[in-house]
There are 2 protein chains.
Amino acid sequence: MTTVKRDTYTPETLLSVAVQVFNERGYDGTSMEHLSKAAGISKSSIYHHVAGKEELLRRAVSRALDGLFGILDEEHAREGRAVERLEYVVRRMVEVLTAELPYVTLLLRVRGNTDTERWALERRRDFDHQVAELLKAAAAEGDVRPDVEVRLATRLVFGMINSLVEWYRPDGRGMGEREVAEAVVQLVFGGLRKEL
Amino acid sequence: MTTVKRDTYTPETLLSVAVQVFNERGYDGTSMEHLSKAAGISKSSIYHHVAGKEELLRRAVSRALDGLFGILDEEHAREGRAVERLEYVVRRMVEVLTAELPYVTLLLRVRGNTDTERWALERRRDFDHQVAELLKAAAAEGDVRPDVEVRLATRLVFGMINSLVEWYRPDGRGMGEREVAEAVVQLVFGGLRKEL
DNA sequence: AGAGTAACCGAACGATCGGTCGGGACAAGG
DNA sequence: CCTTGTCCCGACCGATCGTTCGGTTACTCT
């Protein structure tokens with residue numbers, strides 16, 4: 001079979017090591033020397049698998065962005081009442097954040113110093129904008145409280161969800177992804193829903 | 001008088017320039033060359049005013065931390081029902097974040113690569129913990145919904161508030177600090193308060 | 001006028017940066 | 001046995017890093 005695995009590095013396995021170091025030290029604060037120590041191979045060997053430091057960043061943020069944009073293509077995000085599609089997207093965002101935690105973490109921290117980073121920021125803005133449209137639609141259908149501006153509410157909700165990357169850790173007997181998603185939905189919509 | 005101002009740099013005026021660049025490029029992504037270009041003086045001249053790059057970081061995060069811890073010393077944060085003290089702290093946090101925006105922004109982005117950064121992270125944890133105690137007290141007094149764990153709720157609320165540094169800009173005719181504070185309180189407590 | 005000092009500069013320091021180069025070890029296929 | 005290709009290495013490259021140093025303005029005080 002062609003998929004017999006090796007015990008050597010592939011671009012993917014090397015990426016998982018690199019992303020972990022990037023998240024600990026920051027992308028700019030990580031040198032190729034740091035990566036080689038963490039991976040257990042020499043600095044020059046890294047270039048056998050990937051073109052360079054920036055390609056590692058590009059692969060990482062691409063993976064995160066693919067996960068997020070994938071949500072918007074799912075059936076429950078495209079059909080139904082806006083407020084229910086929004087709740088589905090919020091719940092799935094938490095799931096994707098926790099499932100692809102290191103990659104999304106890196107994505108949320110890029111500053112825009114290189115072309116790759118600026119491209120990532122642009123795609124992020126695209127995603128944010130599409131979710132904002134969903135909230136706008138829910139507001140138009142009268143399903144969310146009218147006393148908080150849609151644009152402002154979107155940013156605050158994104159802030160709450162994205163903050164997961166600052167403290168959520170999948171291992172250990174901490175809290176499960178399902179429990180976190182439920183709490184986020186409770187908090188977000190307990191404040192967003194029009195009072196009955 | 002002794003306070004006659006000069007048109008040359010002081011450690012404080014230089015700091016304001018440096019913090020702005022740090023926030024645009026990231027601390028690790030900013031070189032002394034970048035700072036000298038932004039300040040309009042030579043690289044070596046910077047060392048006439050401050051000891052080095054890390055002192056600029058230390059001054060900046062200290063200012064942010066002083067602002068935050070100052071909140072907890074205020075009268076409304078120390079006396080009264082826990083849920084009301086909490087609401088006051090949340091409102092004041094938004095005010096401090098907007099007033100000291102660049103400094104708090106920098107504080108919230110340190111990764112822990114140097115002693116200064118690790119010290120900043122430790123003091124941040126202190127502050128977070130004290131606010132968490134406030135929420136815990138409000139829960140004990142029965143003023144917040146019991147179906148979301150206190151520790152989890154604290155982190156999510158902090159995430160929402162701290163996300164201000166990602167998009168709030170004081171200039172222009174955007175939205176005022178008062179309006180933002182009100183929206184945050186509405187969203188946070190509209191979800192936190194026990195339903196009537 | 002002269003002394004003192006704050007503010008600034010260009011040039012250079014050793015260290016480290018991301019990346020290149022030529023080659024060695026080793027397994028597979030003939 | 002010999003080739004081929006994968007995987008890896010130490011040594012090195014020019015560039016840039018944060019920082020230092022010797023020296024030059026320009027203003028203040030006496």
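Numbers restart at 1 for each chain; the letters A, B, ... are given by sequence-line order, proteins then strands.
Looking only at distances, a side-chain donor or acceptor of Glu55(A) sits under 3.5 Å from a matching main-chain atom of Ala51(A). In this structure a side-chain-to-backbone donor-acceptor pair under 3.5 Å is present from Arg85(A) to Gly80(A). For Arg78(B) (side chain) and Asp73(B) (main-chain N/O), a donor-acceptor pair under 3.5 Å exists by modelled atom type. Within the 3.5 Å criterion, the main-chain N or O of Tyr27(A) finds a donor-acceptor partner in the side chain of Lys53(A).
Across residues 20-32 of chain A, Thr30(A), Ser31(A), Met32(A) each have a non-hydrogen atom less than 4.0 Å from an atom of DNA chain C (numbered order). Of the residues in residues 38-52 of chain B, those lying under 4.0 Å from DNA chain D by heavy-atom distance are Lys43(B), Ser44(B), Tyr47(B), Gly52(B). Contacts between residues 109-119 of chain B and DNA chain D, defined by a heavy-atom separation below 4.0 Å, involve no residue at all.
Electrostatic pairing of Asp126(A) and Arg123(A) does not count as a salt bridge here, judged by no charged N lying under 4.0 Å from a carboxylate O.
Proximity of Thr154(A) to Glu149(A): side-chain heavy atoms (C-beta onward) are nowhere separated by under 4.5 Å. In this structure, Arg109(B) and Asn23(B) have side chains that are in contact, with non-hydrogen atoms separated by less than 4.5 Å.
Between Glu55(A) atom CD and dG18(C) atom P there is a gap of 15 Å when expressed in whole angstrom units. In this structure, Glu54(A) atom CD and dG18(C) atom P are separated by 12 Å, rounded to whole Å. Put simply, CD on Glu33(B) is 10 Å from P on dG10(C), counting in whole angstrom units. dA6(C) atom P lies 17 Å from atom CG of Leu14(B), rounded to whole Å. Leu35(B) places its CG atom 14 Å from the P atom of dC9(C), with the value rounded to the nearest Å.
When only modelled atom types and interatomic distance are considered, His34(B) and Ser31(B) share a side-chain donor-acceptor pair under 3.5 Å. Side-chain polar atoms of Thr13(A) and Ser16(A) form no donor-acceptor pair below 3.5 angstrom.
Considering Glu75(A), Glu87(A), Glu100(A), Glu74(A) as possible partners of Arg92(A), the one that fulfils the salt bridge (Lys or Arg N to Asp or Glu O under 4.0 Å) test is Glu74(A).
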Checking salt bridge (charged side-chain N to carboxylate O under 4.0 Å, His left out) for the pair Arg59(B)/Glu12(B): CA distance, chi angles, key distance, verdict? CA-CA 9 Å; Arg59(B) 281 176 181 266; Glu12(B) 284 72 26; 3.7 Å; yes

